[in-house]
Amino acid sequence: MSRDTVNSICKSFPGAEWSDPWGGGHDAWKVGGKMFACIGAVQDGVSVKTPSIEDAQLLIEMERAIKAPYFHRSWVRIDWDHIPEDELRDRLQTSYDLIFKSLTKKAQRAISGT
(Lines give C-alpha, C1' and ligand atoms only; values in the text may rest on other atoms or scores of the structure.)
Protein backbone atom coordinates (compact mmCIF):
# COMPACT_ATOMS: atom_id res chain seq x y z
CA MET A 1 0.00 0.00 0.00
CA SER A 2 1.02 3.61 -0.22
CA ARG A 3 0.32 7.22 0.63
CA ASP A 4 -2.06 7.25 -2.36
CA THR A 5 -4.04 4.32 -0.89
CA VAL A 6 -4.42 6.10 2.46
CA ASN A 7 -5.34 9.39 0.78
CA SER A 8 -7.93 7.61 -1.38
CA ILE A 9 -9.55 6.01 1.68
CA CYS A 10 -9.55 9.26 3.65
CA LYS A 11 -10.98 11.23 0.73
CA SER A 12 -14.00 8.90 0.67
CA PHE A 13 -15.19 9.91 4.15
CA PRO A 14 -17.98 12.54 4.31
CA GLY A 15 -16.61 16.03 4.94
CA ALA A 16 -12.97 14.90 4.91
CA GLU A 17 -10.56 17.67 3.96
CA TRP A 18 -6.86 17.47 3.12
CA SER A 19 -4.23 19.98 4.20
CA ASP A 20 -0.46 20.32 4.66
CA PRO A 21 -0.44 22.38 7.88
CA TRP A 22 3.30 22.19 8.56
CA GLY A 23 4.52 22.32 4.97
CA GLY A 24 7.07 19.94 3.58
CA GLY A 25 4.69 17.33 2.21
CA HIS A 26 2.55 16.21 5.14
CA ASP A 27 -0.92 14.88 4.43
CA ALA A 28 -3.27 15.84 7.26
CA TRP A 29 -6.87 14.69 6.95
CA LYS A 30 -9.49 16.55 8.95
CA VAL A 31 -13.22 16.50 9.48
CA GLY A 32 -14.85 19.58 10.96
CA GLY A 33 -11.40 21.14 11.31
CA LYS A 34 -10.08 18.31 13.52
CA MET A 35 -7.43 15.87 12.36
CA PHE A 36 -8.22 12.16 12.09
CA ALA A 37 -5.21 10.96 10.04
CA CYS A 38 -1.74 12.25 9.28
CA ILE A 39 1.03 11.07 6.99
CA GLY A 40 4.47 12.53 7.61
CA ALA A 41 6.65 13.89 4.82
CA VAL A 42 9.02 10.90 4.75
CA GLN A 43 7.21 8.23 6.76
CA ASP A 44 5.90 4.95 5.46
CA GLY A 45 2.81 4.95 7.63
CA VAL A 46 -0.17 6.90 8.84
CA SER A 47 -0.99 8.19 12.32
CA VAL A 48 -4.54 7.63 13.54
CA LYS A 49 -6.54 8.14 16.73
CA THR A 50 -7.67 5.12 18.75
CA PRO A 51 -10.57 5.01 21.22
CA SER A 52 -8.23 5.17 24.22
CA ILE A 53 -4.65 5.07 25.46
CA GLU A 54 -5.26 1.42 26.38
CA ASP A 55 -6.35 0.58 22.82
CA ALA A 56 -3.26 2.30 21.47
CA GLN A 57 -1.04 0.38 23.88
CA LEU A 58 -2.68 -2.91 22.89
CA LEU A 59 -2.00 -2.24 19.19
CA ILE A 60 1.61 -1.42 20.05
CA GLU A 61 2.00 -4.59 22.14
CA MET A 62 0.48 -6.66 19.31
CA GLU A 63 3.05 -5.06 16.97
CA ARG A 64 0.24 -3.69 14.76
CA ALA A 65 1.43 -0.10 15.34
CA ILE A 66 3.96 2.11 17.11
CA LYS A 67 3.45 5.24 19.20
CA ALA A 68 2.73 8.15 16.89
CA PRO A 69 5.54 10.68 17.30
CA TYR A 70 4.38 14.14 18.46
CA PHE A 71 0.80 12.98 19.08
CA HIS A 72 -1.21 12.17 22.21
CA ARG A 73 -0.79 8.65 23.57
CA SER A 74 -4.16 7.61 22.12
CA TRP A 75 -2.66 8.00 18.62
CA VAL A 76 -0.60 5.31 16.87
CA ARG A 77 1.36 5.16 13.64
CA ILE A 78 0.50 2.25 11.40
CA ASP A 79 3.01 1.01 8.84
CA TRP A 80 0.86 0.56 5.73
CA ASP A 81 3.14 -2.22 4.48
CA HIS A 82 2.73 -4.16 7.73
CA ILE A 83 -1.06 -4.67 7.83
CA PRO A 84 -3.71 -5.72 5.30
CA GLU A 85 -5.65 -3.00 3.50
CA ASP A 86 -8.95 -3.94 5.18
CA GLU A 87 -7.38 -3.46 8.62
CA LEU A 88 -5.88 -0.14 7.53
CA ARG A 89 -9.29 0.96 6.23
CA ASP A 90 -10.87 -0.06 9.56
CA ARG A 91 -8.29 1.91 11.59
CA LEU A 92 -8.85 5.00 9.43
CA GLN A 93 -12.64 4.62 9.73
CA THR A 94 -12.40 4.29 13.52
CA SER A 95 -10.25 7.40 13.77
CA TYR A 96 -12.64 9.35 11.52
CA ASP A 97 -15.67 8.19 13.53
CA LEU A 98 -14.06 9.20 16.85
CA ILE A 99 -13.31 12.69 15.59
CA PHE A 100 -16.68 13.06 13.86
CA LYS A 101 -18.51 12.11 17.08
CA SER A 102 -16.52 14.75 19.00
CA LEU A 103 -17.92 17.52 16.78
CA THR A 104 -20.96 19.53 17.78
CA LYS A 105 -24.33 18.15 16.66
CA LYS A 106 -24.69 21.18 14.40
CA ALA A 107 -21.34 20.43 12.70
CA GLN A 108 -22.25 16.75 12.37
CA ARG A 109 -25.54 17.64 10.68
CA ALA A 110 -23.81 20.07 8.32
CA ILE A 111 -21.30 17.39 7.27
CA SER A 112 -23.79 14.55 6.97
CA GLY A 113 -26.46 16.68 5.30
CA THR A 114 -29.20 15.76 7.75
Side-chain angles (χ1 to χ4, degrees):
M1 286 177 283
S2 67
R3 177 182 293 260
D4 291 338
T5 303
V6 171
N7 285 336
S8 176
I9 294 168
C10 290
K11 184 175 16 177
S12 71
F13 298 139
E17 298 176 337
W18 173 90
S19 68
D20 184 2
W22 306 286
H26 292 81
D27 291 335
W29 284 95
K30 299 178 181 183
V31 60
K34 295 184 176 186
M35 189 170 4
F36 68 88
C38 183
I39 304 170
V42 294
Q43 294 183 23
D44 58 354
V46 58
S47 295
V48 295
K49 182 166 179 53
T50 65
S52 68
I53 294 170
E54 294 79 15
D55 286 308
Q57 189 59 41
L58 180 61
L59 288 172
I60 292 166
E61 289 172 7
M62 293 171 50
E63 298 182 355
R64 304 309 282 170
I66 63 169
K67 184 191 176 313
Y70 312 110
F71 285 88
H72 184 268
R73 293 185 311 155
S74 62
W75 283 70
V76 294
R77 185 170 82 62
I78 299 170
D79 181 341
W80 53 56
D81 289 328
H82 192 70
I83 65 170
E85 186 173 339
D86 60 335
E87 183 178 345
L88 176 64
R89 183 177 299 276
D90 182 58
R91 301 276 177 235
L92 289 165
Q93 182 72 59
T94 297
S95 185
Y96 171 87
D97 290 345
L98 289 166
I99 299 303
F100 182 83
K101 289 175 186 172
S102 75
L103 301 175
T104 65
K105 297 295 180 193
K106 182 178 178 179
Q108 289 177 20
R109 284 191 302 273
I111 291 166
S112 66
T114 59

(request) Could you tell me the separation between the CD atom of Gln108 and the OG atom of Ser102, rounded to the nearest 0.5 Å? (result) 8.0 Å
(message) Starting from Met62 and following side-chain heavy-atom contacts under 4.5 Å between hydrophobic residues (I, L, V, M, F, W, Y), which residues can be reached?
(response) Leu58
(request) State the NZ-NE2 distance between Lys49 and His72, to the nearest 0.5 angstrom. (result) 6.5 Å
(request) Mind jotting down which residue pairs meet the ring pair (Phe, Tyr, Trp, His ring centres under 6.0 Å) criterion with at least one end in residues 42-71? Sequence neighbours excluded, please. (result) Phe71-Trp75
(request) Answer yes if Trp80 and Ile78 sit in the same cluster of Ile, Leu, Val, Met, Phe, Trp and Tyr residues linked by side chain heavy atoms under 4.5 Å apart, and no otherwise. (result) yes
(message) Would you say Val6 ends up clustered with Ile83 if hydrophobic residues are merged whenever their side chains have heavy atoms under 4.5 Å apart, either directly or through other cluster members?
(response) yes
(message) Measuring from atom CD1 of Ile111 to atom CZ of Phe13, what distance do you get when rounded to the nearest 0.5 angstrom?
(response) 13.5 Å
(message) For Glu63, is there any backbone N or O sitting under 3.5 Å from a side-chain donor or acceptor partner on His82?
(response) yes
(request) Look at the side chain of Ser95 and the backbone N and O of Leu92, then say whether any donor-acceptor pair between them is shorter than 3.5 Å. (result) no
(request) Answer yes if Ile60 and Val48 sit in the same cluster of Ile, Leu, Val, Met, Phe, Trp and Tyr residues linked by side chain heavy atoms under 4.5 Å apart, and no otherwise. (result) yes
(request) Could you pull out the closest heavy-atom pair between Cys10 and Ala37, with the gap in Å? (result) SG-CB, 4.0 Å
(request) Answer whether the closest heavy-atom distance between the side chains of Val46 and Leu88 falls below 4.5 Å. (result) yes
(request) Assess whether atom CD of Glu61 is packed by more than 12 heavy atoms of other residues, nucleotides or ligands within 6.0 Å. (result) yes
(request) Could you grab the distance from atom CZ of Arg89 to atom OG1 of Thr5, nearest 0.5 Å is fine? (result) 9.0 Å
(message) Would you say that Asp55 contacts Leu59 through its side chain, given a criterion of any heavy-atom pair below 4.5 Å between the two side chains?
(response) no
(request) Compare all side-chain heavy atoms of Asp90 with those of Thr94 and state whether any distance is below 4.5 angstrom. (result) yes
(message) What's the separation between atom CZ in Arg91 and atom OG in Ser47, rounded to the nearest 0.5 Å?
(response) 14.0 Å
Return all side-chain donor-acceptor pairs below 3.5 angstrom for residues 14-23, not counting sequence neighbours, or 'none' if the list is empty.
from: Trp18; atom 1: NE1; to: Asp27; atom 2: OD1; distance (Å): 2.7
from: Asp20; atom 1: OD1; to: Gly23; atom 2: N; distance (Å): 3.1
from: Asp20; atom 1: OD1; to: His26; atom 2: N; distance (Å): 3.1
from: Asp20; atom 1: OD2; to: Gly25; atom 2: N; distance (Å): 3.1

(request) Hey, could you give me the CG/OG1 distance between Leu98 and Thr50, rounded to the nearest 0.5 Å? (result) 7.5 Å
(request) Please step through side chain to side chain contact (heavy atoms under 4.5 Å, CB included) for the pair Trp29 and Asn7, ending with a clear verdict. (result) CA-CA 8 Å; Trp29 284 95; Asn7 285 336; 2.7 Å; yes
